[in-house]
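Take a look at the structure below.
Both counts, for ligands and for their atoms, begin at 1 and track the order of listing. Everything numeric here is computed off the predicted structure, so don't read it as measured data.
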Amino acid sequence: MRIDVLTLFPEMFDSPLSHSILKRAQERNIVEIVLSNIRDFATDSYRKVDDKPYGGGAGMVMMPGPMFDCVEHAQAQADEPGRVILLTPQGKPLTQEKVVELSTEPRLILIAGRYEGFDERIRTGLSAEPISIGDYVLSGGELGAMVLIDAVVRMIPGALGDDDSAADDSFSNGLLEYPQYTRPEVFRDMKVPEILLSGDHGKIDQWRKEQSLERTKQWRPEIYEKYLQSAPTDKNEQ
Ligand code: 4GX
């Protein structure tokens with residue numbers, strides 16, 4: 001996969017991209033991540049990329065010119081144009097289902113904006129898909145793009161190490177993950193549940209399934225309702 005990121009702050013990506021799974025995935029050529037500075041596509045001597053909103057109002061809006069030129073520059077570097085994604089609180093929420101879908105694309109182009117918004121023609125003219133990482137407001141799209149990249153890249157086959165597995169992740173079966181324990185058996189008077197020490201893997205699987213269901217019902221009732229409405233085959237698996 002090739003991921004282009006269009007941003008005014010490319011340096012913000014340096015640290016997340018140079019550690020752990022994202023670092024290894026790039027080293028193994030599972031993903032190529034290319035950063036472009038939108039300001040390099042400004043056309044005036046002040047390198048201006050934002051302007052006042054038509055109709056008045058507070059704040060500045062990102063101009064379409066530099067953004068279109070930056071996207072087209074990125075698209076010219078590969079055969080497929082790639083799916084264009086706009087990070088914005090107005091987008092559809094990023095879910096694990098969407099993450100898995102995006103992980104099968106050959107090419108993504110992420111637009112991480114600043115200021116109070118984008119000229120609407122950036123969305124319509126570039127057929128950009130708005131995606132939100134959650135119902136809160138960030139100072140810019142960079143952290144949203146990083147969250148999306150992290151979640152998507154780890155789902156590409158070969159990105160996780162042999163000891164890591166996406167199969168047991170929360171949401172992979174539509175439920176929250178069951179509780180985990182490691183040594184010691186007793187820590188500050190808190191004991192590991194007896195069943196996990198029993199060696200009875202049938203009973204352990206059943207217990208974990210019950211725990212998954214119970215914590216999903218308690219903590220994420222809306223996810224639990226969706227799970228109950230899903231195909232019965234999903235529920236008999238695992
Ligand atoms: N999930 N932001 C985008 C600029 C902006 C403002 C208005 C479009 C309309 C966010 C989120 C997020 C802050 C990124 C505002 N763009 N991104 N930025 N929530 O809050 O992804």
Q) To which of Leu94, Ile111, Val137, Thr88 does the heavy atom nearest atom 21 (O) of ligand 1 belong? A) Thr88
Q. Which ligand 1 atoms, with their elements, are less than 4.0 angstrom from a heavy-atom of Tyr115?
A. 4 (C)
Q: Apply side-chain hydrogen bond (donor to acceptor under 3.5 Å, both in side chains) to Lys217 and list each qualifying residue two or more places apart in sequence or on a separate chain.
A: none
Q | Numbered atoms of ligand 1 (with element) below 4.0 Å of Gln90, judged on heavy atoms | A | 7 (C), 9 (C)
Q.
Given 3.5 Å as the limit, does a donor-acceptor pair link the side chain of Arg28 with the main chain of Gly158, or not?
A. yes
(Q) Is it true that Arg107 and Gln75 share a donor-acceptor pair across their side chains at a distance under 3.5 Å? (A) no
Q) Quick one: are Leu196 and Tyr181 in side-chain contact, heavy atoms under 4.5 Å? A) yes
Q.
Show me which atoms of ligand 1 lie under 4.0 Å from any heavy atom of Gly140.
A. 14 (C)
Q: Please work out which of Leu143, Ile85, Val61, Ile133 has its closest non-hydrogen atom nearest to atom 1 (N) of ligand 1.
A: Ile133
Q.
Applying salt bridge (charged side-chain N to carboxylate O under 4.0 Å, His left out) to Glu129 and Lys98, what does each step give before you reach the verdict?
A. CA-CA 12 Å; Glu129 177 180 346; Lys98 174 66 89 178; 2.8 Å; yes
Q: Could you tell me whether the side chain of Pro179 reaches within less than 4.5 Å of the side chain of Trp207, counting heavy atoms only?
A: yes
Q | Top protein contact for atom 3 (C) of ligand 1, by heavy-atom distance | A | Leu87 O, 3.4 Å
Q. Mind checking whether Leu138 has an N or O less than 3.5 Å away from an N or O of ligand 1?
A. yes
Q. If you count the atoms of ligand 1 from 1 in the order shown, which ones are under 4.0 Å from a heavy atom of Tyr136?
A. 19 (N), 20 (O)
Q. Do Met146 and Leu110 touch side chain to side chain, with heavy atoms closer than 4.5 Å?
A. no
Q: Measure the distance from atom 7 (C) of ligand 1 to every protein heavy atom, then report the residue, atom name and distance (to 0.1 Å) of the closest one.
A: Glu116 O, 3.0 Å
Q: Measure the distance from atom 5 (C) of ligand 1 to every protein heavy atom, then report the residue, atom name and distance (to 0.1 Å) of the closest one.
A: Gly117 CA, 3.7 Å
Q) Closest non-hydrogen protein atom to atom 11 (C) of ligand 1, residue and atom name please, with distance? A) Pro89 N, 3.8 Å
(Q) Tell me whether Glu225 contacts the main-chain N or O of Pro221 through its side chain, where contact means a donor paired with an acceptor under 3.5 Å. (A) no
(Q) Show me which atoms of ligand 1 lie under 4.0 Å from any heavy atom of Phe118. (A) 8 (C), 16 (N)
Q: Around atom 18 (N) of ligand 1, find the nearest protein heavy atom and jot down its residue, atom name and distance.
A: Gly113 O, 4.1 Å
**Q.** For Gly134, the ligand 1 atoms whose distance to one of its heavy atoms is below 4.0 Å
**A.** 19 (N)
Q. Mind checking who shares a hydrophobic cluster with Met190, ILVMFWY linked at side-chain heavy-atom distances under 4.5 Å?
A. Phe187
